[in-house]
Amino acid sequence: MRIFNGTALAARLNAETQARVAELGRAPRCRVLLDGSNAGMAAYGARLADSAVAAGIDLETESYPQAAEVLPRLATLAADATLDAVATLYPLPAGVDPLQAALTLGAAKDIDGLHPENAGLLALGAPARAPATARACRLIAEDIAGPLTGREVVLVGASRIVGRPLAQLLLDAGATVTLTHADTRDLAAHTRGAEIVITAAGRAGLIGPDHLADGTVVLDVSINRGAHGVIGDVDLAALADRDVTVTHVPDGVGPVTTGCLLANIAATACEAGS
Ligand SMILES: Nc1nc(=O)c2c([nH]1)NC[C@@H]1CN(c3ccc(C(=O)N[C@@H](CCC(=O)O)C(=O)O)cc3)C=[N+]21
């Protein structure tokens, strides 16, 4: 088994973003809304704030207000002419509808591709902003496996921020895409036929030796926190002797996701102009 670390790819992305921001001639301004009591969101927010400084982006995190105040807060941020971009990290506070949140924020500042206009452009195969995690997975798959034209890719999980948008991005890249989910009957039958498996199910140990053919590249998006620390969906111990490549958790997809969100912020600010 080989382990892929995303740090070098993230560093290349961040250097490109830094150059783009320098060319723009001002610091893009972004607000990230999150629930600080959710360890996954807090880690992402802290990582984003750190990397933003190096890229020349003015990024502040902010805790979600109580549920009834989320839409009014998003309306205020949407109207704030000094802000280029706003990220609303999932899951949203209980009782807040993701579609209403995206509509209230509007398409222009939506850097994670959650607004129906951005998601719709992506679904049509048009140039579009896509969720950072999905973009990161496409980049990593190409970095490890080369061009995706004609490749068999199986996705595990059909969420709004990973599986669904990623299926579109991979289709754009020419891959043959299978989207599996919680109701898929025989998961292993699908993943065994894949050259690339991308799992974002959030279930530790889900992907083991019976799921993978020799030579498979596995992208593990999940960050499961438990007694054994932070682990993904892949049973690494059971695959130790196998000819497979697996991305590290959390240093595989994680840092590249951060890099893609910063790239999306810079692109949004460039569209808005100086
Ligand atoms: N709308 C939305 N878009 C997201 O992209 C999104 C989201 N909501 N909700 C939360 C999850 C989580 N997520 C992470 C991305 C990178 C790291 C990451 O870079 N982690 C660090 C540290 C991880 C750790 O220490 O646990 C690392 O990889 O080095 C973590 C978590 C994006 N998410």
Side-chain angles (χ1 to χ4, degrees), residues 3-11 13-14 17 30-52 54-55 59 61-64 70 74 77 85-94 96-102 104-105 107 109-116 118-119 122 129-140 157 159-166 169 198-202 204 219-233 246-265 268:
I3 298 286
F4 172 87
N5 184 300
T7 317
L9 178 54
L13 264 173
N14 290 338
T17 300
C30 176
R31 193 68 51 87
V32 176
L33 272 65
L34 51 78
D35 170 5
S37 70
N38 176 315
M41 283 198 241
Y44 187 36
R47 176 58 69 105
L48 278 170
D50 277 357
S51 313
L59 183 147
T61 60
E62 165 182 327
S63 289
Y64 281 116
V70 170
L74 288 173
L77 295 172
V86 177
T88 49
L89 298 195
Y90 283 3
L92 298 174
V96 179
D97 175 35
L99 180 56
Q100 288 309 319
T104 304
L105 178 61
K109 292 181 185 178
D110 161 41
I111 34 167
D112 229 0
L114 303 170
H115 187 280
N118 293 323
L122 183 65
R129 249 173 254 155
T133 310
R135 288 193 53 205
C137 289
R138 176 179 170 177
L139 288 177
I140 293 169
S159 70
R160 284 165 219 257
I161 53 173
V162 188
R164 286 165 192 260
L166 180 54
L169 289 174
I198 306 180
T199 180
L219 273 54
D220 194 344
V221 181
S222 295
I223 298 179
N224 304 306
R225 280 159 213 275
H228 306 288
V230 173
I231 56 174
D233 292 345
V246 185
T247 60
H248 188 274
V249 176
D251 291 329
V253 179
V256 183
T257 297
T258 310
C260 284
L261 194 78
L262 296 179
N264 280 358
I265 295 168
T268 302

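Counting starts at 1 for both ligands and their atoms, in listed order. These numbers were taken from a predicted model, which means no experiment stands behind them. Numbering of residues begins at 1 and proceeds along the displayed sequence.
- Shown in contact with I161 at under 4.0 Å from a heavy atom are these atoms of ligand 1, numbered in order with element: 1 (N), 2 (C), 3 (N), 4 (C), 6 (C), 7 (C), 8 (N).
- For atom 27 (C) of ligand 1, the nearest non-hydrogen atom of the protein is R47 NH2, 3.6 Å.
- In this structure, the protein non-hydrogen atom closest to atom 16 (C) of ligand 1 is Y44 CD1, 3.2 Å.
- The ligand atoms of ligand 1 that sit less than 4.0 angstrom from a heavy atom of T258 are 19 (O).
- For the side-chain contact (heavy atoms from CB on, under 4.5 Å) test with L105, the passing option among L33, I111, D112, V86 is V86; the others fail.
- Those atoms of ligand 1 that come under 4.0 Å of a heavy atom in D251, given as number and element, are 27 (C), 28 (O), 29 (O).
- Across A107 and H115, no two heavy atoms sit closer than the pair N-CD2, 3.4 Å.
- Counting the atoms of ligand 1 from 1 in the order shown, those under 4.0 Å from a heavy atom of T133 are 5 (O).
- Residues forming a side chain to side chain donor-acceptor pair (under 3.5 Å) with N264 (at least two apart in sequence, or on another chain): R135.
- When non-hydrogen atoms are compared, ligand 1 lies under 4.0 Å from neither the backbone nor the side chain of R135.
- The single protein non-hydrogen atom nearest to atom 18 (C) of ligand 1 is G254 CA, 3.8 Å, given as residue, atom name and distance.
- Residues T61 and L48 form no side-chain contact, since every pair of their non-hydrogen atoms from C-beta on lies 4.5 Å or further apart.
- Residues R31 and L77 share a closest heavy-atom pair of NH1-CD2, 4.0 Å.
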- [ ] Determine, stepwise, if the pair T258 / D50 fulfils side-chain contact (heavy atoms from CB on, under 4.5 Å).
- [x] CA-CA 10 Å; T258 310; D50 277 357; over 6 Å; no
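- Using a 4.0 Å heavy-atom cutoff, P255 is listed among the residues neighbouring ligand 1.
- The shortest N/O to N/O separation between P250 and ligand 1 falls below 3.5 Å.
- The two residues I161 and P131 come nearest to each other via the heavy atoms O-CB, 3.5 Å.
- From the protein, the heavy atom lying nearest to atom 2 (C) of ligand 1 is D112 OD2, 3.2 Å.
- Remark: minimum distance from atom 12 (C) of ligand 1 to any protein heavy atom is reached at G40 O, 4.2 Å.
- When every heavy atom of T247 is checked against every heavy atom of D220, the shortest pair comes out as OG1-N, 2.8 Å.
- Close approach of ligand 1 to R225 is summarised as follows: ligand atoms under 4.0 Å from at least one heavy atom of the residue are 26 (O).
- Contact check for N224 versus V230: no side-chain heavy atoms found under the 4.5 Å cut-off.
- Any N or O atom pair closer than 3.5 Å counts here, and I223 shares no such pair with ligand 1.
- Ligand 1 has T88 within reach: a non-hydrogen atom of the residue lies less than 4.0 Å from it.
- Less than 4.0 angstrom separates atom 20 (N) of ligand 1 from none of the non-hydrogen atoms of the protein.
- A heavy-atom distance below 4.5 Å is not found between the side chains of L92 and D35.
- Ligand 1 has an N or O atom lying under 3.5 Å from an N or O atom of Y90, backbone or side chain.
- Using a 4.5 Å heavy-atom cutoff, the side chains of L34 and Y44 are not in contact.
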